Protein chains: 4
Amino acid sequence: MQLSGIFPPIVTPFTTDDELDERALRENARRWMRTRLAGIVTLGTNGESAYVDEDEADRIVAIVREEVPRQKLLIVGTGRDSTRATIAATQRAAACGADAVLVRAPSFFKSQMNAGAFVRHYRAVADASPVPVLLYNFPAGFGVDIPGAAIEELASHSNIAGIKQSGGDLGKIADDVAMARALSKPFFVICGAAPILHAAILSGAVGGILAVACVVPDLCVELYDLARAGRHDEARELQQQLTPLAKSVTSAFGVPALKAALDLVGYTGGAPRSPLAPAPAETVATLRGQLHALGIVATA
Amino acid sequence: MQLSGIFPPIVTPFTTDDELDERALRENARRWMRTRLAGIVTLGTNGESAYVDEDEADRIVAIVREEVPRQKLLIVGTGRDSTRATIAATQRAAACGADAVLVRAPSFFKSQMNAGAFVRHYRAVADASPVPVLLYNFPAGFGVDIPGAAIEELASHSNIAGIKQSGGDLGKIADDVAMARALSKPFFVICGAAPILHAAILSGAVGGILAVACVVPDLCVELYDLARAGRHDEARELQQQLTPLAKSVTSAFGVPALKAALDLVGYTGGAPRSPLAPAPAETVATLRGQLHALGIVATA
Amino acid sequence: MQLSGIFPPIVTPFTTDDELDERALRENARRWMRTRLAGIVTLGTNGESAYVDEDEADRIVAIVREEVPRQKLLIVGTGRDSTRATIAATQRAAACGADAVLVRAPSFFKSQMNAGAFVRHYRAVADASPVPVLLYNFPAGFGVDIPGAAIEELASHSNIAGIKQSGGDLGKIADDVAMARALSKPFFVICGAAPILHAAILSGAVGGILAVACVVPDLCVELYDLARAGRHDEARELQQQLTPLAKSVTSAFGVPALKAALDLVGYTGGAPRSPLAPAPAETVATLRGQLHALGIVATA
Amino acid sequence: MQLSGIFPPIVTPFTTDDELDERALRENARRWMRTRLAGIVTLGTNGESAYVDEDEADRIVAIVREEVPRQKLLIVGTGRDSTRATIAATQRAAACGADAVLVRAPSFFKSQMNAGAFVRHYRAVADASPVPVLLYNFPAGFGVDIPGAAIEELASHSNIAGIKQSGGDLGKIADDVAMARALSKPFFVICGAAPILHAAILSGAVGGILAVACVVPDLCVELYDLARAGRHDEARELQQQLTPLAKSVTSAFGVPALKAALDLVGYTGGAPRSPLAPAPAETVATLRGQLHALGIVATA
């Protein structure tokens, strides 16, 4: 597997009676696949995977698989708190057509989640997975931090293909890149925080899984291309323009805002599941303003 | 429902091939019910509910229900991250015979879990639940803290019967007790941290859900009785004796140690599910020593 | 030294041109000493000692010393970030008449402040101090936490007389009490969080250093006496009444509110030094209401 | 004032009897000034300013001033917890010849240190300072975080020249750079974390104040020059080489390691003041290895 480029961690749309909206999911996916995005990440944090049951998860993977052409990648979030459930979800995702799985750090029993626990978990998952496994570290989101030593130990596993580092800590990305250079196999480092995408690419990250790429895929790909091409002045300029919207749909206002922003640009976002609540009007107004500043006229 | 006394948040034993050990579960439950414990809490944090699938959960409730006599209470942990899944689990638990449900604070999307989200979540669950609902707050464990104002708003709901406050913050317990006094309905405050049980009872808590009560149920009930009877010198003495073991099976060494301690006193603890690992030998030695200090001869 | 009872960690009043208000300081101290308070703590956190220079500190100690009768105790906060400066401040305070010193945990270079650093610091201070030393732990305030093992190691020092545990963690107080029982010398455990005073006394604390005791000294002493006398129902009642005001002048609104509350009851509080700002009108209104609920008519 | 380039936040050497070692300070300074460093920062965090008294501070500034040529900059750390003391220290530093002052965020009474407090503090300091003021934000070190809105409000002050952002959060640096572009005056953004220097320069930072620049000044300047020249492949390479040592002398092992590393390369580091302790032998061995990897033969 070769990993590079920009991936949207897509949302899961629900109908007004809170069921999976299969039609909207498919249409969204189809539309994303008409852009230059490198594939799709489904059932990640932004896909409200924590709120989706196992049956829904399988249907989501199957539907999105039909829309992701073979030359692009379908990456499926399959992390659960137990190793056992993670393996089961991983094997089902692979059977449904996933090209790779993104496995969030297990985070229940936080005080017990030390280096040994992470190594044990990820090794067992990688051993049992039919497809390559990506680690997923997001300390601010999950409340645990995979230690560098554990990442290094796991990176040499033949079925562990890389890591998504979220949260905006460029140092972690740079550390992983430096560590990967000494390996005799590829280990792809992926940026999970749009506000540092430019710097992450410069530091050796191969791509990004970015919520804001759901909303403005082409601008994200453009930023990626500028950074890869060494056109750093233009990249810095575009990075500065993208950052406010990128924050709004993540750290500032979360998934409700991501879904609202999608509604504004013609995708179907819709309401999140409870206990999340739809973005309030003033957040929507902020999003509308940020899209306008990017030259995008909201369609809703 | 009248709520008082000491409850053990029981562990879930697994067989050597990592399946639910129904026989051990039943035998453990039967033995606990021969003590003066007020009932059983199953599928709580210590029951590794985060690692148990929905089918297993149903079987656990059904088995334990058969062992809990009607004059005691069966409380079932049914909290999930989404309101929807929590309601489903709650209704299934009630159908399986739960007397009440203990619903942990939803904690995914931490930055979005504000007072409004907690009120929305718990109200919907309480509206849909056939049995009384207990809130469950454990900031150090879950990474979110239900604000006092949200607790106050929820406490007046006719189907919300109380709260379990874990983590050892006596102030939160005292605040909830003071708040509850102004209500026209009961709102039971339950201590979830054994090291402050004596003080919590003194401050108005009606009981405790305590991991250490799985291991030494009679001593916990004795401490409870002393505190209730105003025999505070004896209570303080016993509290000081219990605290080291209480910490070992929770904050210090977690569920693996709780299971190991159960093995030492003749219950079946066994190995936890991965990514947890069995307690190492030095932890077991510590537990053995702490049991010895309490006058208990380890049987294993 | 025998240590027991309730102490107010007194504020430092400033004139309108931000100089030490010596006259107000003296009048406040004189008035506190007409109550049943066991003495005075000066230059603690609430005394804005972080904002007071060394010359002012000496004058404060000298003035307050004149107002504290010999049968009561004058305890002076002398903690600084370096051991060297702490020793110098301690020796000056002793020369000015301090009966004991309260030495906050050093907290600069947080990641280096391990057990070894605390032991090194406090040992050197205790060796050099002409008067008994009290440790002062306040994790939420200082950002560091003196480990129990370090406290235990220090408690046997002949010139370390006890510890003030602030922040409301009853478990730490109970742990220190239990540890102290095994010593061949006294080690006094003092509660620094008024909302848990009752429980702390029950758990073996010998007294309290409480911001709210500046405002309502008699009520705090009454609560202390009820708890010591085993009149726990009355104590719990009074505790519940005191807690809201106690929180307002500490965790909720801080030193500005403590000073405003003092102005309301006829002491001189006045404005804190910048970057603190005086309590806003709505905080003052809250304080006025809380005093009223305690049967106290604000005089300002 | 024009601000750019690499500055070392120099250590304060002490004699074996724990007094200021004026001779070593002067020799160190003189030697640094023979490199291509853009000046010196004295009395910063790494200068143990928290452990240095006001008289020593004045002597340090005077001595270093004599060694910093006029075409380079002497920046002096003058932040204290109170506004009043910060102003006094600032005016004394200016009188002693400081070209600018670096004012750390006030951090006592953490819960009161909101945007209003920071604005109040820094405005008063900037109004009273004879020389330009640099803000200094270091959340992990000081336990408080100056909000972006407060930085923006302060950045337009005519005597506030910029900010040092420490802690490795590239997003904060990028935000400040983007904000500064809209101002009608310069506002210099300085990187305080060597592991992200390359990315910070790329993102618009004008320079770095870096502990590791005390140890390997020429390599840091070389990295800075490569980044400014757009030679990003070489810069990334050098960045990766520098990062391990940079971490050792900051987040990993702190000021004791910084001083030990200086001893290894022929400067005088010496022992830190208590409660810090000298770096243990295994840390020194690590440093020696990291210097060796950079092609530097330790001289001690």
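Everything quoted here is computed from the prediction, not taken from an experiment. Just so it is clear: chains get the letters A, B, ... in the order the sequence lines come, proteins before strands, and each one is counted from 1.
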- Distance from B:Arg84 atom CZ to A:Glu56 atom CD, nearest 0.5 Å? 5.0 Å
- Intermediate values then yes/no, side chain to side chain contact (heavy atoms under 4.5 Å, CB included), B:Arg80 and A:Asp53: CA-CA 11 Å; B:Arg80 302 290 188 274; A:Asp53 70 31; over 6 Å; no
- Message: Report which part of B:Ala50 has an atom under 4.5 Å of a heavy atom belonging to chain A: side chain, backbone, both, or neither.
- Response: both
- Item | Heavy-atom contact with chain A under 4.5 Å, split by part of B:Glu54 |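 For B:Glu54, no heavy atom lies under 4.5 Å from chain A.
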- Query: Picking from A:Phe138, A:Tyr51, A:Phe253, what satisfies ring pair (Phe, Tyr, Trp, His ring centres under 6.0 Å) with B:Phe109?
  - Reply: A:Tyr51
- Heavy atoms from other residues, nucleotides or ligands near CD of B:Glu19 exceed 12 (cutoff 6.0 Å):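 Buried by this count: over 12 neighbours within 6.0 Å.
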What is the minimum heavy-atom distance between [X] and [Y], and which atoms define it?
X        : Y        : value
A:Gln112 : B:Pro256 : OE1-CG, 3.7 Å
B:Pro275 : A:Arg120 : O-NH2, 2.6 Å
A:Gly143 : B:Lys110 : N-CE, 4.5 Å

- Query: Angle class for the A:Phe108/B:Phe142 ring planes (parallel below 30°, perpendicular above 60°, tilted otherwise)?
  - Reply: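 A:Phe108 vs B:Phe142 ring planes: tilted.
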Is it the side chain or the backbone of [X] that comes within 4.5 Å of chain B heavy atoms, both, or neither?
X        : value
A:Asp81  : both
A:Thr45  : both
A:Asp18  : both
A:Ala277 : both

- Item | Side-chain heavy-atom pair B:Leu276, A:His121 within 4.5 angstrom cut-off | no
- Query: Under 3.5 Å, is there a donor-acceptor pair between the side chain of B:Ser274 and the main chain of A:Thr83?
  - Reply: no
